[in-house]
**Q** 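Below: one structure in C-alpha cells.
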Amino acid sequence: MSADTLFEMVAGHARDYAESLKTRAVSPTATAEQLRASLHRALPQSPLAPEKVIKALVSECEPGLLHTAGPHFFGWVIGGALPAAQAADWLASVWDQNAGGFACSPAMGVLDEVCGAWLKELLDLPASASFALVTGCQMAHVTGLAAARYRLLERAGWDVGTEGLLGAPRLRVLSGEHHHETFARALRLLGLGTGIIERLALDPERKLDPRALEAALASEPEMGARTIVCLQAGDLNTGTCDDFEVLCEIAHRYGAWVHVDGAFGLWGRVSPKYAHLLAGVEKADSWATDGHKWLNVPYDCGYAFVADAEAHHASMAMDASYLIDAGGREPNEWNPEWSRRARGLPTYAVIRSLGREGIAQIVERCSVLAARLTAEIAALPGADLLHAPTLNQGLVRFLAADGRHDERTDAVSAALRADGRAWFGNTTWRGMRVMRISVCGWQTQQAHVDQAVLAVAEVLETLTSE
Ligand SMILES: *Cc1c(COP(=O)(O)O)cnc(C)c1O
C-alpha cells in the first residue's frame with residue numbers, strides 16, 4: 001500500500017472520529033485488562049504492513065479512549081483540539097521538522113518568533129518578555145522557575161549554572177495553599193525541593209491573602225530578593241485569580257520574583273468580559289500557561305514567558321560547535337529541550353484562524369456555560385453549591401440523607417461516567433469530596449449542557465430510588 005493510501009485511511013478515520021464525538025458515550029468501553037489482552041502481544045519479530053498496523057491500532061485502541069475532545073467532557077481542565085490546530089499538527093508530523101534549531105528549520109524558527117509575539121499581545125504581557133514554546137504548563141513552570149533560580153542566586157553572588165546548588169545560598173518560595181502539583185514538581189526538578197514551599201493562607205474569596213504575603217516577607221526582609229512568590233491565574237478547582245495588582249506590589253517591594261501559574265486562567269485576558277479578573281498580572285516576572293487546554297490545540301503545547309529575558313537566556317542557553325548561525329532566534333536557547341516538535345504550527349493555526357475575537361468567544365462561551373451548568377446542577381434535589389464559577393470552573397457536591405455526602409458525591413460521578421452522556425471528575429476540596437465542573441472545549445454548546453444536566457438529574461433519581 002502506498003503512503004497516500006495510508007494517509008487517506010487515517011484522514012477517513014479522523015473524519016469518522018470527529019463526527020462520532022458529537023453523539024458517542026464519553027467513557028472508554030474496555031477495561032484495562034481487555035486493552036492489555038488485545039494490545040499486549042509478544043515482541044514482533046517480523047514486519048507487518050503499515051496499513052495493517054494502523055487498522056489494528058484504531059480497532060484495538062478505540063475502546064480504551066476517553067473522549068475528552070468531544071463536547072460532553074466536563075472533567076479536569078482539558079480542552080479539545082480545533083480542526084485548524086489538528087490539521088496544522090499533522091503538518092508537524094508530515095514535515096518532521098526539528099524546531100529546536102533555527103538552521104534546522106528556518107520556517108519553524110520564524111513561526112516560533114511569530115507565536116511568541118502574538119501570544120504576548122493576546123495575553124497582554126510585556127512585549128519585551130522572552131518566551132519558549134514548551135510541552136505544557138509543567139515545563140513552562142520549570143522554564144520560568146529556572147530563570148528565577150538563576151537570577152535570585154546571581155544576586156547573591158552565586159552562578160547556579162556552573163556552581164550548581166550544593167552549597168548555594170538559601171532561597172525562599174511562597175505560595176498559596178492552592179498551587180498545582182506541577183509547580184511543586186518543577187521545584188523538585190530544579191533541585192529546590194518541595195520542602196522549600198511556605199504555604200500562605202487564602203482570603204475568604206479564595207485568593208492569596210495580601211496580609212499573609214506581607215507578613216511572610218516581613219518576617220525575613222533580608223531574604224526578599226531571594227524569594228519566589230507563586231500566584232494563581234485560575235486556581236485548579238475554582239478558577240479563582242489572585243489579586244495581582246496588590247500582590248505584585250507587595251512582592252516587588254521586598255525584591256521578590258513573582259511567578260504566575262496561568263495554565264488555563266491566563267486566557268481570561270483575551271476576553272474584554274473577563275480580563276478584569278487578571279488585572280495587574282503583567283506585573284509578574286514569569287508566566288506559565290498551556291496551549292492544549294483553553295486554546296484547544298492538541299497535546300504537547302505550553303508556553304513560558306519571562307520578563308527578565310537575560311535571566312531566561314542565561315538559565316537555558318547552550319552552545320555546540322556544530323550549530324549554525326542562521327540569523328534567527330534559536331529556540332533551543334530558550335527551551336529546556338534540544339530537538340523538539342514544531343508546536344508553533346498548531347498555535348499559529350488557531351490564532352490565525354480564530355483571531356483574538358474567536359479565541360475570546362471560546363473563553364466567554366465556556367465561562368457562561370460553566371456558570372449555567374453549575375447553577376442548574378446545583379438546583380437539583382440534594383445538590384449543594386460550593387463554588388459558582390467566576391471563570392470556567394465550578395464545584396458542587398451531593399448531600400445524602402444519612403450524612404454520607406462524600407460517598408454520595410463519588411457515587412453520582414461514577415454513575416455519570418458509566419452512563420456516558422457527560423463526564424465529570426471528583427476531587428477532595430477543603431476536606432470534602434466534590435464534583436469539579438469544567439468547561440474548556442471549543443465544541444461545547446448550550447445543548448450539551450442541557451443534556452449533561454438531564455443526565456445528572458436522572459442519575460440522582462436512580463440513586464435515590466435504589
Ligand atoms: C493543567 C494545569 C497545570 C499543568 O499543566 P500541564 O500542561 O498538564 O503540564 C498546572 N497548573 C494548573 C492550574 C493546571 O490546571
Side-chain angles (χ1 to χ4, degrees), residues 66 68-69 73-81 85 89 119 123 131-146 173 175-190 194 197 199 202 206-208 228-242 244 258-269 277-278 281 284 286-305 335-337 340-341 343 346-347 350 363 366-367 370 387 389-395 425-427 429 434 436-441:
L66 176 61
T68 53
F73 189 81
F74 306 103
W76 298 299
V77 190
I78 289 188
D89 199 60
L119 288 164
L123 299 170
F131 65 90
L133 275 62
V134 294
T135 53
C137 195
Q138 169 74 80
M139 288 314 289
H141 284 325
V142 169
T143 306
L145 294 171
V173 176
S175 154
E177 291 160 0
H178 52 351
H179 67 247
H180 194 272
E181 277 311 305
T182 51
F183 171 73
R185 183 159 68 175
L187 294 172
R188 262 163 62 202
L189 294 175
L190 290 167
T194 53
I197 303 173
R199 289 186 179 236
L202 305 185
R206 302 174 187 127
K207 301 175 177 192
L208 185 63
I228 296 166
V229 175
C230 177
L231 301 183
Q232 216 60 48
D235 165 71
L236 74 151
N237 292 313
T238 63
T240 305
C241 298
D242 285 327
F244 301 106
V258 178
H259 175 77
V260 174
D261 181 347
F264 60 93
L266 204 54
W267 292 92
R269 291 281 268 185
L277 295 172
L278 295 128
V281 77
S286 52
W287 303 263
T289 188
D290 267 315
H292 55 218
K293 287 181 180 172
W294 230 353
L295 192 63
N296 281 262
V297 308
Y299 286 96
D300 190 338
C301 198
Y303 316 112
F305 305 93
N335 270 66
E337 317 97 319
R340 54 158 267 236
R341 186 170 177 79
R343 54 183 76 98
T347 301
V350 169
V363 167
C366 289
S367 301
H387 178 78
T390 44
L391 210 52
N392 63 334
Q393 305 291 118
L395 297 174
N426 286 5
T427 189
W429 184 76
V434 302
R436 285 173 76 188
I437 299 172
S438 173
V439 185
C440 210

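Order of listing sets the numbers, starting from 1, for every ligand and every atom in it. The shown structure was predicted, so the numbers you read here are calculated from the model rather than taken from an experiment.
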**Q** Kindly compute the distance separating CG (Leu123) from CH2 (Trp267), expressed to the nearest 0.5 Å.
**A** 4.5 Å

**Q** I need the minimum non-hydrogen distance between Ala140 and His259, along with the two atoms involved.
**A**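 Taking every non-hydrogen atom into account, O-CE1, 4.3 Å.
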
**Q** Which heavy-atom pair separates Val350 from Ala85 by the least distance, and what is that distance?
**A**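 Heavy atoms of Val350 and Ala85 come nearest at CG2-CB, 3.5 Å.
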
**Q** Counting distance only, does the side-chain N/O of Arg341 pair as donor-acceptor with the main-chain N or O of Asp89 below 3.5 Å?
**A** yes

**Q** Only one of Asp242, Leu231, Leu202, Asp235 passes side-chain contact (heavy atoms from CB on, under 4.5 Å) with Lys207; say which it is.
**A**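 Among Asp242, Leu231, Leu202, Asp235, the one that satisfies the side-chain contact (heavy atoms from CB on, under 4.5 Å) with Lys207 is Asp242.
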
**Q** For ligand 1, list the protein residues that place a heavy atom within a distance below 4.0 Å of one of its atoms, sorted by chain and number.
**A** Gly136, Cys137, Gln138, His180, Thr182, Gln232, Gly234, Asp261, Ala263, Phe264, Asp290, His292, Lys293

**Q** Testing the 3.5 Å rule here: is there a donor-acceptor pair between the side chains of Gln393 and Thr238?
**A**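 The criterion, which ignores hydrogens and geometry beyond distance, is not satisfied for Thr238 and Gln393.
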
